[in-house]
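So the structure is just underneath, and the comments pick up after that.
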Amino acid sequence: MITGLREVRRAVLVLAVSAVALAGFARADDPPQPRAEAAAPTGQKGGRGSGAQSAPQNSPSAAEPHRLPSDSITKQTLDLPGRTLNFAATAGSIRVFDGKGEPLADIAYSSYELEGADRATRPVTFLFNGGPGASSAWLQFGAAGPWRLPLDGEALSPSASPEVKPNAETWLDFTDLVFVDPVSTGYSRFVATGEDARKSFYSVDGDVNAIALVIRRWLEKHDRLVSPKYVAGESYGGIRGPKVVRQLQIQHGVGVRGLILVSPLLDFREFTGTSLLQYVATLPSYVAVAREAKGPVKRADLADVEAYARGEFLADLVKGEADKEATNRLADKVAELTGIDQVVSRRLAGRFDVGEFRRELDRKNGKVTGRYDASVRGFDPYPDSGNSRFGDPSGDALQAPLTSAAVDVLTRKLNWRPDGSYEVLNGAVEGHWDFGRGINPPQSVSELRQILATDAKLNVLVAHGLFDLATPYFGTKRVLDQLPAFATQRVKFAVYPGGHMFYSRDGSRQAFRSEVERLIRE
């Protein structure tokens, strides 16, 4: 899941603290001899959290009694249609140290390894979500893990049952799985005290450093360095993913066969300030939402809108509001495509930001659309207010059942019982994140080009949902279209009915799994 783009825009412009990379990261887990490693090369799930600590509060002496418990390894059997999977599940953590051998943080993970497989040839995939501040529960219990929690229909409710069921679309058939929770998400936590530790992890480069280090250490710990390796990231994972792969390539001596990006954001720049490209990126998803209300919609049904967004729409945007004829033409066309009142569209000059669209689309019924999935409608708690004071009916409702499901699986199925609270979505992380200094907001397109150029065998799968307003698919398509020919030949772009978590829909989840399997079996 990704942070509110409007909040991110403010954060990118306001944050004036330099990015503090973990230049002193040492090997994880076992205290090493003091040494320094190179810093990471320079280079969204998020939202309201549960009020977790925004800064590390424990002193080293106080932290030790609350250290995460020892790893728990259990044998599991999963009965699925047409097959039975026997696998070892490990719930545990990897401790990260600084260059002086002082502990910094415990990073929690859940891994699933199929029994009887040849470790040398059996693929392993590392998965993380985004935010910053989201745990890996969304991908684990929504898409790829052995057990799945329904995330749509009647299950889209805070009071829905958190009981998981066997996941017929698990990726475990063709790859082992490791779900990583960055510090301050899930049960991962700081061990060190003070601002320096928080700044190290709560930054673009420091975060990438930590995740790459944990991946390397897991491979060593589980004797999997020779296995084929894959990385999957969702949302802000689009920033993390290419950077982590690059860091593994050049700092840790670990090659990655494939990168899977789920509803990614690759470049914050088009959503920054007054960029006109933000309106180009969102228009096809706005129209997809309007058309879906009348019947099923696929990306092919939006060919006319994509062509208009690239052409006449962009041309009229560039002419600016000083050109009344162009502005009215644009506003009237947007009203026609979305069904929003022409008067409203003209008042906004056809330039709807995400919040305005979500409220105006069904304002007559006092409802707002979801941000993660704009095909989901919910009541506006303040329909008569002049200000937008609503949450996200497609996202807020999931946090309670998803949190309970994650805790239940870890404690009851995997027999791992940490103290403290499980953070499925920690807003404090987002609030303190260092997105960097200057006029260049975070982007991972540079690293994406680098990893594709460095390894001619590396392939990339990028998947989006049609109705996602958090990371609209057309924004990513525009970015990918700028890649050189050698890169585009190895990048597969897929768009499915659904929102940010498009895998909540059965058909989309099944189709996405097939694409992932094709990538890994190539």
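Values below: every heavy atom of this structure, side chains too, minus hydrogens, waters and symmetry copies.
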Handout entry: Check ion pair Asp316-Lys333 (N to O, under 4.0 angstrom)
Key = no
Problem - Flag side-chain contact, heavy atom, 4.5 Å: Leu317 against Phe313 - result: yes
Handout entry: Point-to-point distance, once rounded to the nearest 0.5 Å, from OH of Tyr496 to CZ of Arg509
Key = 12.5 Å
Handout entry: Check ion pair Glu522-Arg257 (N to O, under 4.0 angstrom)
Key = no
Handout entry: Sub-6.0 Å ring centroid separation between Phe190 and Tyr202
Key = yes
Handout entry: Crowding at CD, Glu312 (>12 non-hydrogen neighbours, <6.0 Å)
Key = no
Problem - Test: Arg513 and Glu517 ion pair at under 4.0 Å - result: yes
Practice task
Please indicate whether Lys319 has more than 12 foreign heavy atoms, meaning atoms of other residues, nucleotides or ligands, lying under 6.0 Å from its NZ.
Solution key: yes
Exercise for the section: Not counting sequence neighbours, which residues clear side-chain contact (heavy atoms from CB on, under 4.5 Å) with Thr175? List them please. Expected result: Pro123, Thr125, Trp171, Leu177, Ile520
Exercise for the section: Inspect the contact between Asp455 and Lys229 and indicate whether a charged nitrogen and a carboxylate oxygen are less than 4.0 angstrom apart. Expected result: no
Problem - Minimum side-chain heavy-atom gap Leu483-Val445 below 4.5 Å - result: yes
Handout entry: CZ/Arg449: more than 12 non-hydrogen atoms of other groups inside 6.0 Å
Key = yes
Handout entry: Side chain to side chain, Ser285 and Asp468, heavy atoms closer than 4.5 Å
Key = no
Practice task
Please name all residues satisfying side-chain contact (heavy atoms from CB on, under 4.5 Å) with Arg310, sequence neighbours left out, ordered by chain then number.
Solution key: Phe474, Lys477, Asp481
Exercise for the section: Sequence neighbours left out, what passes side-chain hydrogen bond (donor to acceptor under 3.5 Å, both in side chains) with Arg490? Give chain and number order. Expected result: none
Practice task
Give a yes or no answer on whether the side chain of Ser135 reaches the backbone of Gly186 with a donor-acceptor pair at less than 3.5 Å.
Solution key: no
Exercise for the section: Taking the side chain as every heavy atom from C-beta outward, state whether Leu302 and Val495 have any atom pair closer than 4.5 Å. Expected result: no
Handout entry: Ion pair Asp434/Lys199, N-O distance below 4.0 Å
Key = no
